[in-house]
Amino acid sequence: SKILKGFESPYNATVVNKMNDAGAVMLGKLNMDEFAMGSSTENSSVQKTANPWDLNCVPGGSSGGAAASVSANTAVISIGSDTGGSIRQPAAFCGCVGLKPTYGRVSRYGLVAFASSLDQIGPFTKDIEDSALMMNVLSGRDEYDATSADIPVPDYRDTLGQDVAGLKIGLPKEYFTDALGDEMRSKVEAAVEVLKGQGATIVDVELPHTDYGIAVYYIIATAEASANLARFDGVRYGHRSADAKDVKEMYTLTKSEGFGPEVQRRIMLGTYVLSSGYYDAYYLKAQKVRALIRRDFDRAFEKCDVIVTPTTPSAAFEFGAKSQDPLEMYLNDIYTSTVNLAGVPAISMPCGLTDAKLPAGLQIIGKPFAEAEIFRVAHAYEQNRGFDMGIAPAGKV
Ligand code: GLN
């Protein structure tokens, strides 16, 4: 964000320290939508990032640079954050693996807060084994993040290679409606067949409040963002307008100059839904529906071990295709944002290429802190899917 232009962090995020301690070689920072708000990286305040499979298409977002860097072979692994889909959706668009861990699994100390009840940090990798290795490094309690859980971290490699015979895979009918493109549907159905062939049992599950996901997400996320972004006021750090005559003008000008249009839109929406008179109708109502969404997952997981869905309704789109219509852009999160609202973990992994040679993403959702179970299923699919994703055209040297 321009509001942080020239700002240098005085300390490392916990995940960065953990990667350094594990011997990782840091190559650099990656492009993203400003303050992680977006689904295409077109809201970046600095530059454009293209999709390595088709340079006319977006890489997804908000962690578009992180996904594109792995798919374009410029980095082996990368790190991003996911508030409503920002790891899984770009991983799906770029044909790599992206995991959003359980809320509380990875410390967020040092992550710029967007929506604190939803944000999680997670890895982008080329395959499932690397994702498991990354989670061995990133996971665990951190005294600097009170929301990080004090739950033992298993060796995530342990479930790799275990078969899926007898495992119950839930398919929620609410994810397979007309909103899902035909090509995506057939790729996901083929992936389910592969798992069935490995001995998994397929069960129908219901997530009846799925339809409310986007509305609830965009109320809660914007409300929390408006509170979190209040700290960028020109007083403490970052950009300060040079033209202000008094303190009130300093706040207004600083924010108008420093924040891009989408960030301003979110702050205004969030302030509105929290304002007296509208709080009950929007924010409180959204919190209640969030509880129902969470309950949907609890109930579904009584019937199955993991839930399998598409990550996105369609493959990567061209630059500009949705940037004029915020609602159209928000609909990208239809299959991912409920996962954040429920706090459960989910991975996106490639399940083939469309006719236009763009990657399709398969989402595997797990019970809280059951990342190992996700890896087990994801690895079984990866090893038996019968095709090689190959290398993105822009990644070939
Ligand atoms: N696309 C969603 C948004 O714009 C999700 C962003 C994210 O997960 N950081 O809010």
Side-chain angles (χ1 to χ4, degrees), residues 1 13 15 30-45 49 58-68 78-94 98-103 106 108 111-124 213-229 259-270 273 286 290 293 311-314 316-317 321-348 361 363 365:
S1 176
V15 291
L30 291 154
N31 197 20
M32 59 186 287
D33 287 304
E34 185 179 0
F35 285 113
M37 295 171 184
S39 305
S40 66
T41 315
E42 290 169 292
N43 296 335
S44 165
S45 68
T49 295
V58 302
S62 64
S63 308
S78 64
I79 294 178
S81 74
D82 189 313
T83 301
S86 281
I87 293 175
R88 291 160 288 154
Q89 186 256 19
F93 277 15
C94 292
L99 174 79
K100 183 205 88 78
T102 309
Y103 187 78
V106 174
R108 302 172 304 167
L111 173 72
V112 174
F114 164 9
S116 306
S117 76
L118 302 164
D119 302 337
Q120 259 298 292
I121 294 174
F124 287 89
I214 297 279
V216 170
Y217 170 80
Y218 278 94
I219 291 172
I220 292 176
T222 56
E224 294 183 14
S226 78
N228 275 326
L229 269 52
F259 290 135
E262 182 61 24
V263 178
Q264 295 191 24
R265 178 181 296 121
R266 306 272 180 124
I267 293 173
M268 287 189 279
L269 273 170
V273 299
R290 179 180 188 172
I293 289 172
T311 308
T312 56
S314 46
F317 47 88
K322 296 177 198 267
S323 50
Q324 296 314 310
D325 183 350
L327 269 182
E328 194 45 41
M329 190 68 93
Y330 297 170
L331 282 172
N332 262 284
D333 308 323
I334 188 161
Y335 300 143
T336 50
S337 55
T338 49
V339 165
N340 301 72
L341 291 164
V344 293
I347 207 164
S348 178
Q363 178 170 240
I365 309 171

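For ligands, and for the atoms within them, numbers begin at 1 and follow the listed sequence.
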task: Would you check ligand 1 and list the protein residues that come within less than 4.0 Å of it by any heavy atom, ordered by chain and number?
output: Ala36, Met37, Gly38, Ser39, Ser62, Asp82, Thr83, Gly84, Gly85, Ser86, Phe114, Tyr217, Tyr218, Arg266, Asp333
field: Side chain to side chain, Phe259 and Ile267, heavy atoms closer than 4.5 Å
entry: yes
field: Side-chain donor or acceptor of Glu224 paired with backbone N/O of Ser117 under 3.5 Å
entry: yes
message: Going by the rule salt bridge (Lys or Arg N to Asp or Glu O under 4.0 Å), which residues pair with Glu262 if we only count those two or more places apart in sequence or in a different chain?
response: Arg265, Arg266
task: State which residue, out of Gln120, Arg290, Arg88, fulfils the side chain to side chain donor-acceptor pair (under 3.5 Å) condition with Asn340.
output: Arg88
- request: For Ala223, enumerate each residue passing the side-chain contact (heavy atoms from CB on, under 4.5 Å) test, keeping only those at least two apart in sequence or located in another chain.
  value: Val273, Leu274, Tyr283
message: Test of understanding: with side chain to side chain donor-acceptor pair (under 3.5 Å), list the residues that count as partners of Asn332, not counting sequence neighbours.
response: Gln89
